[in-house]
Structure formats: structure tokens, C-alpha cells
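Report on the structure given below.
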Amino acid sequence: MAQKLQRNDPCPCGSGKKYKKCCMLRQRDLDSERINRREGIRKSLGWISHHYREEIDRWVEDVWLAGINKKEREGIATADARIRGIHDMNLLEQLVAEGRFSNGEGEDRPLRLILEADDLGLDENQRDYLVQLAERSLCLYRVSDCQPGESFTLKTYPAEEAEPVVIVDRWGSRMFDIGDTVGLRLMKTEEDWETSGAIYHIPEAYVPELETELQETGPESRSMVLVHYWLRLVAAHV
């Protein structure tokens, strides 16, 4: 097992400085920037939930729970509290990324309403990140490597020949194991890639069936196919 890098060790980048005076500082900056971006999402989700509760309820009924029967809805409502927390995060992120409150344009998009809000106080980086949220598709990935507390590596599923993407994330890397299949939305940062926050874990036994469903639908519908499949797993307490 590799020894954990200590504060006073030589920095692995080869600068000749101690780790605490070099890349450790840069990592702190990256963590701070990531926290700021996530704070922008958190504030935005809270704002839209407060100001547009009725519209969100209609969207949940018409889009998020479309095709989910009464028994399945009861299963979702009685899921473990941790899973319910993930469900609520996934729901609001999908609303902002792809949702519309009606068939109209412009202000009927939750994202546009958030960006035009005067009372949110989002900084430029937070606004840019939200815009990107709507440009990045929810996709299925396989975790090909994981270093808990450091990073994890993703490959697009089922295209195993695709170039792997390394996500440096001290917290997220503790949530996955090698071989996990998850639905994620990847976001580009100045340094590299990171996940947006939404997580759709698909147990291995169910991946082939989901893959078939994704292959049988068009690109514009795949995210909601993934969402609805995951919701049924939540309903069944899988």
C-alpha cells in the first residue's frame, strides 16, 4: 500500500518545495472553488423550490413521475432517508438542467428564471456553472478505478474503449467502488472534470436491461429513461 503523502514531504510535482507549500495549497484552492460552485447550485435549488412550488409539483407529476404507478410512488416515499436525500437532489438538478414548467419558451425554463433572479446573488463562476449544467447530458459510466479520499476514474458505459476520465474528488471518491455503474453529469472546470452532484447508482444485475432501454430511445430522451429506471429501483428498495 502506498504511503499517504504528508505535509512536509517533497511535493510530487517535482518543484523542490514541500507539499504543504506547493500542490497542497493548490488543492485547497480547487476544493474552495468546487465548494463555491456547489453552493451556487444549492442556493439556486433552494430559490426555485421556494418561489415556484406549484410549478415544480406539476413538473414532478407530468415529467419526473411520468409512468410511475401508485405502488411505485409509495415505494419511493418509503425509501431509506439517505436515498430520499439523493432522490431530492437528483430531482431538482434534473429540473434545472432540462426542465420546463410548460411548453413555452424563455421564462418557463427554471434555469432562465434562476439566472434572471435579482435576489440570488450568484457570482459569475456560479452562473457559468449553472449554464453548463444544461449543456451536459446525464450519462451512464462504469467506475474503472477508485482511490478513496483522492479520486475515481470513469469510462462511458457501454463504450469501454472510450478514453477514461479521472475525477479528483476527496469526498466523491468515498462513494464508489471499482465496477460500479452510475448515472452522472460531468462538468468541465478550468483544471479538469467533476461531477455535478446528482448520482444514479444502478446495481450490476440491472445494467443490461437499462442498457437495452437506452439503446431503444433517442438521445433527447435518454436522461429521463435513466431517471425513470432508477426511480423504479428506488421504489423496489433495490
Residues two or more places apart in sequence or in another chain: which of them pass salt bridge (charged side-chain N to carboxylate O under 4.0 Å, His left out) with [X]?
| X | answer |
| --- | --- |
| Glu55 | none |
| Asp57 | Arg53 |
| Glu213 | none |
| Asp88 | Arg84 |

Nearest heavy-atom pair of [X] and [Y]: which atoms, and what distance?
| X | Y | result |
| --- | --- | --- |
| Leu130 | Ser44 | CD1-OG, 3.3 Å |
| Arg73 | Ile68 | NE-O, 2.9 Å |
| Ser144 | Ile178 | O-CG2, 3.8 Å |

Are side-chain N/O atoms of Gln132 and Arg185 paired as donor and acceptor at under 3.5 Å?
no

Go through the side-chain N and O atoms of Glu93 and Ser196 and say whether any donor and acceptor fall under 3.5 Å apart.
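Yes.
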
Tell me whether Met89 is reachable from Leu65 by hopping between hydrophobic residues (I, L, V, M, F, W, Y) whose side-chain heavy atoms are closer than 4.5 Å.
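Leu65 and Met89: one cluster.
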
How would you list, by chain and number, every residue that makes a side-chain hydrogen bond (donor to acceptor under 3.5 Å, both in side chains) with [X], sequence neighbours excluded?
| X | answer |
| --- | --- |
| Thr195 | none |
| Arg42 | Glu39 |
| Asp119 | Trp47 |

Applying side chain to side chain contact (heavy atoms under 4.5 Å, CB included), name anything that partners Pro164, two or more places apart in sequence or on another chain.
Thr153, Lys155

So, using side chain to side chain contact (heavy atoms under 4.5 Å, CB included) as the criterion, who are the partners of Ser221 when residues are at least two apart?
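For Ser221, the residues satisfying side chain to side chain contact (heavy atoms under 4.5 Å, CB included) (neighbours in sequence not counted) are Thr217.
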
Quick one: list whatever passes ring-ring contact (aromatic ring centres under 6.0 Å, His included) with Phe152, sequence neighbours left out.
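Phe152 satisfies ring-ring contact (aromatic ring centres under 6.0 Å, His included) with Phe176 once adjacent residues are dropped.
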
Enclosure of Glu54 CD (heavy-atom neighbours >12, cutoff 6.0 Å):
no

Qualifying salt bridge (Lys or Arg N to Asp or Glu O under 4.0 Å) pairs, either residue in residues 120-137, two or more places apart
none

For residues 227-238, which side-chain N or O atoms pair as donor and acceptor with protein atoms under 3.5 Å away, sequence neighbours left out?
from	atom 1	to	atom 2	distance (Å)
His228	ND1	Met224	O	3.3
His228	NE2	Val63	O	3.0
His228	NE2	Trp64	O	3.0
Tyr229	OH	Tyr206	O	3.2
Tyr229	OH	Glu209	OE1	2.5
Arg232	NH2	Gly67	O	3.1
His237	NE2	Gly75	O	2.9
His237	NE2	Thr78	OG1	3.3

